[in-house]
Each structure stands twice: as C-alpha cells, then as structure tokens.
Amino acid sequence: MLASESFLFDPRPAYPFLVTAKRYWDPDSADVEDSDALTLVFAHGTGFHKEQWEPTIEELYDFIKGTSVRIREVWSIDAPNHGDAAILNEKELMWGYDGVFGWEEYARCIHAFLAGLGKGVDIDFPSRKLVGIGHSMGAISLILTHGYFPLVKFSALVLVEPMLMTKWFMETKHLGLGSGASNRRDIWPSKEEAYKIMKSKSFKHWDDRVLRIYVEQGLRPLPTAIYPELTEGVTLKCPRSYEAACYRDRTGHPRAYRMLKHITPKVPTHFIYGSIDDQLPRAVQEDVIKYAAGGEQMLASLSKVEGAGHLVVQIDPKGLGRKICNALQRTNHARL
C-alpha cells in the first residue's frame with residue numbers, strides 16, 4: 001500500500017499560479033532513502049488531474065518487484081487550471097487565461113516546482129535522478145521544461161501518447177477536442193449520480209479505479225466563480241471552458257515538436273502509444289518519430305499498449321504500468 005501526501009508550492013510573485021502536487025512512496029521500501037533510486041515526476045493530460053495517475057503508479061510499483069528498477073518516490077503535479085490548482089488559482093485565471101491557456105504554462109509550473117523557485121516543498125530535486133512521465137499535454141509540457149533556466153536535468157523521459165504533430169496537421173485537421181470540451185455536461189446532482197451517469201455512457205470503457213478517482217478528485221461542490229448562482233450539486237474542478245482554452249493553444253505543440261530533436265541525443269526518451277490510433281493517426285506518429293525525434297534509433301524505446309487509444313491512462317493503467325516499467329528497466333541498464 002502506497003503512502004501519499006499533498007503539497008502546495010508557491011512560486012509567486014515570479015510566477016502567478018499556485019502549484020498543487022502529491023507525493024507517493026512505499027513506506028516498506030528501503031529505496032525511499034536511496035539517493036541513487038529514481039524520483040518519478042508525472043504530468044497529466046488536458047481535462048484530467050494529478051490523481052488520475054494513481055492506478056498506473058500502483059501497477060508500476062507491482063511490476064518493479066524483482067526488477068532492477070528502484071523508485072525513491074513519485075510526484076504528480078496539477079496543471080495550474082486543473083484539479084486542486086484550478087480552485088486555488090480561480091481568480092488569477094480570470095486575468096487573460098480564459099480564451100487560450102498555453103501548455104507552456106504547465107511547463108513553467110513543473111519547472112518552477114522542480115527548480116525550487118518558490119516555497120512550500122523543501123526538496124532539492126536537481127540533485128535527484130529525475131524521470132519525467134507525461135501523458136498528452138503533460139508529455140509536451142515536460143519537453144518544454146527544457147526551455148527554462150536554471151535547467152532541470154532529467155535522467156529520462158517517458159512520453160505517453162504525446163500530442164506532437166506537424167504544423168500542417170495541427171492547422172488542417174480538426175480533432176474536435178475544443179468543441180467536445182465546451183459542450184459536455186459539467187453539472188450533476190451529486191458525485192454519486194455523476195459516477196452512475198458517466199459509468200453508463202462515454203466513460204464506460206474506463207478502468208473503474210480511474211473513473212472513481214475522476215469523480216472523487218475531479219469534481220467540486222457548487223457554487224463556483226463560473227456558476228455563482230448555483231448552490232446545489234457538483235461541477236468540474238477544471239471547468240469545461242478551461243479545458244477548451246487548453247485545446248486552443250497553438251504554440252506549445254510546434255515548439256515541442258521542434259525542440260524534441262535537441263533532447264533525444266542527451267536524455268533517454270521513451271515513447272509509448274496506444275495501439276488504437278484514435279486521436280493521433282499512424283502517419284502523424286511516424287512523422288514525429290522520424291523527424292521530430294530524429295529517427296527511431298534516437299529513442300531509448302518505442303512501445304504500444306494493446307487495446308488502448310489516446311486515453312491509455314484512463315483505459316488500461318495496468319498495461320501502461322507494465323510499459324513504463326519496461327522503459328525504466330531499459331533506461332536503468334543504459335545510461336543512468
């Protein structure tokens with residue numbers, strides 16, 4: 001059973017948003033005191049939150065038993081307009097972030113947290129063996145952290161369904177993510193009722209652990225700044241307008257695409273895709289590997305989780321945990 005603890009990191013006034021993070025560790029493991037063991041840093045996708053990774057983290061700890069992988073502890077960080085951070089940053093987000101929310105804001109938040117550019121978390125992360133693990137927007141944000149100083153060194157990156165694509169694809173193909181976010185239901189009578197409705201509809205393919213966490217940790221009581229007139233029921237911590245604002249970002253994708261080829265020669269970089277090409281067509285994936293990453297030979301590993309698509313974190317945390325374990329084993333045997 002993993003232990004956990006929540007933290008609030010405050011980088012203000014240099015950076016305007018409060019950062020919420022959660023630490024996980026195995027209290028029975030001697031690796032928590034081992035400076036050579038890995039510190040994993042998880043970043044979530046758009047519309048989710050730091051706790052969505054918990055089933056994957058639990059599965060990963062099971063898979064590393066009997067392997068060479070040693071984990072000191074795990075951290076998961078909310079984007080500034082997602083999860084618990086969205087509540088704390090509610091007023092600040094009204095000042096120019098409602099139309100477009102750049103993914104670089106998540107990168108800045110992760111960088112400030114790991115570089116210790118604030119108060120609230122007294123850990124020297126730059127001295128740790130850090131491995132960044134990101135899904136979708138989170139994967140892009142981890143790439144973009146390499147553009148800020150002081151440079152935070154990662155021993156490896158594990159990019160899960162990274163939302164990387166060419167400028168042409170981004171401008172000519174309509175994924176419908178923004179409109180889907182803007183039009184989805186976001187108010188329910190209670191968390192219990194929200195779970196029942198989601199379980200019976202579009203969320204029915206999710207791992208039940210992930211769905212229950214999405215409801216328990218992703219919803220908040222009314223009223224809110226967006227719905228000040230409503231006094232009963234629950235709504236999303238990350239309002240649908242916040243999620244849609246993330247999808248409108250047009251700079252994070254191409255910058256990460258162009259930056260990646262400068263990272264792969266220096267940092268062991270693992271790609272994990274779902275075998276179902278629902279959001280990122282196979283041609284887009286192949287282009288990213290060939291041109292953005294510099295060729296498959298520049299990757300530390302490339303793997304797929306069978307039976308899952310872009311939402312692999314939500315659909316198959318066990319399969320994903322196995323692939324992450326494999327990636328950490330390959331990195332451990334290579335350049336750590």
Side-chain angles (χ1 to χ4, degrees), residues 1-9 11 17-27 32 37-64 71-89 103 105-115 118 120-121 123 125 128-143 145 152 154-162 207 209-218 237-238 272 311-314 317-318 320-321 323-325 327-328:
M1 185 71 179
L2 297 180
S4 65
E5 183 179 8
S6 296
F7 288 81
L8 177 62
F9 181 75
F17 297 119
L18 292 166
V19 180
T20 52
K22 203 165 183 179
R23 173 186 176 237
Y24 305 88
W25 72 98
D26 181 356
V32 295
L38 304 177
T39 295
L40 309 184
V41 181
F42 282 80
H44 61 77
T46 306
F48 302 114
H49 50 266
K50 61 185 180 300
E51 290 86 1
Q52 285 280 276
W53 280 109
E54 288 179 1
T56 299
I57 293 169
E58 291 169 356
E59 296 288 357
L60 174 59
Y61 265 94
D62 283 340
F63 282 120
I64 67 169
I71 298 176
R72 184 173 186 175
E73 60 187 19
V74 173
W75 290 80
S76 190
I77 304 172
D78 280 322
N81 61 344
H82 285 62
D84 294 329
I87 299 175
L88 297 175
N89 295 319
W103 291 9
E105 296 296 338
Y106 195 8
R108 288 183 63 197
C109 146
I110 296 169
H111 174 265
F113 183 85
L114 295 178
V121 179
I123 292 178
F125 285 108
R128 301 282 189 95
K129 289 189 174 179
L130 300 175
V131 176
I133 303 173
H135 172 230
S136 192
M137 174 182 72
I140 302 301
S141 298
L142 286 171
I143 293 172
T145 61
V152 175
F154 286 99
S155 294
L157 291 174
V158 181
L159 307 180
V160 181
E161 281 279 322
D207 182 284
R209 296 169 295 173
V210 181
L211 179 55
R212 289 186 182 276
I213 289 171
Y214 181 81
V215 171
E216 184 58 35
Q217 300 291 337
K237 286 182 179 178
C238 173
I272 301 175
L311 298 185
V312 58
V313 177
Q314 287 69 39
K318 184 173 184 177
L320 180 56
K323 296 298 183 182
I324 294 174
C325 178
L328 296 181

query = Do the non-hydrogen side-chain atoms of Glu51 and Asp84 ever get within less than 4.5 Å of each other?
reply = yes
note = Minimal heavy-atom distance between Pro27 and Met1, with the atoms involved, is CD-O, 3.6 Å
message = Could you check whether Asp62 pairs with Lys318 (Lys NZ or Arg NE/NH1/NH2 to Asp/Glu carboxylate O, under 4.0 Å)?
response = no
key: Minimum heavy-atom distance between Ala37 and Lys129, given as atom pair plus value   = O-CB, 4.1 Å
message = Are Glu59 and Leu320 packed together at the side-chain level, in the sense that at least one heavy-atom pair is separated by less than 4.5 angstrom?
response = no
inquiry  = Is any side-chain heavy atom of Val312 closer than 4.5 Å to one of Ile272?
reply    = no
task = Taking the side chain as every heavy atom from C-beta outward, state whether Leu328 and Leu60 have any pair of such atoms under 4.5 Å apart.
result = yes
ask   = Step by step, would you call Glu5 with Glu73 a side-chain contact (heavy atoms from CB on, under 4.5 Å)?
value = CA-CA 11 Å; Glu5 183 179 8; Glu73 60 187 19; over 6 Å; no
message = Give me the atom names and distance for the closest heavy-atom approach of Pro80 to Asn89.
response = O-ND2, 3.0 Å
query = Which class fits the ring pair Trp75 and Phe125: parallel under 30°, tilted 30 to 60°, perpendicular over 60°?
reply = perpendicular
query = Less than 4.5 Å apart, any side-chain heavy atom of Leu114 and any of Thr145?
reply = no
key: Pairwise side-chain contact, Phe48 with Val313, heavy-atom cut-off 4.5 Å (strictly under)   = no
Lys237 side chain reached by His49 side chain, heavy atoms, under 4.5 Å = no
inquiry  = Less than 4.5 Å apart, side chain to side chain, heavy atoms only: is that true for Val41 and Ile133?
reply    = no
ask   = Looking at Tyr106 and Gly138, what are the two nearest heavy atoms and their distance?
value = CE2-CA, 4.0 Å
request  = Search all heavy atoms of Ile110 against all heavy atoms of Ala43 and return the closest pair with its distance.
outcome  = CD1-CB, 3.9 Å
task = Could you tell me whether Arg212 and Glu54 make a salt bridge, using a distance below 4.0 angstrom between a side-chain N and a carboxylate O?
result = no
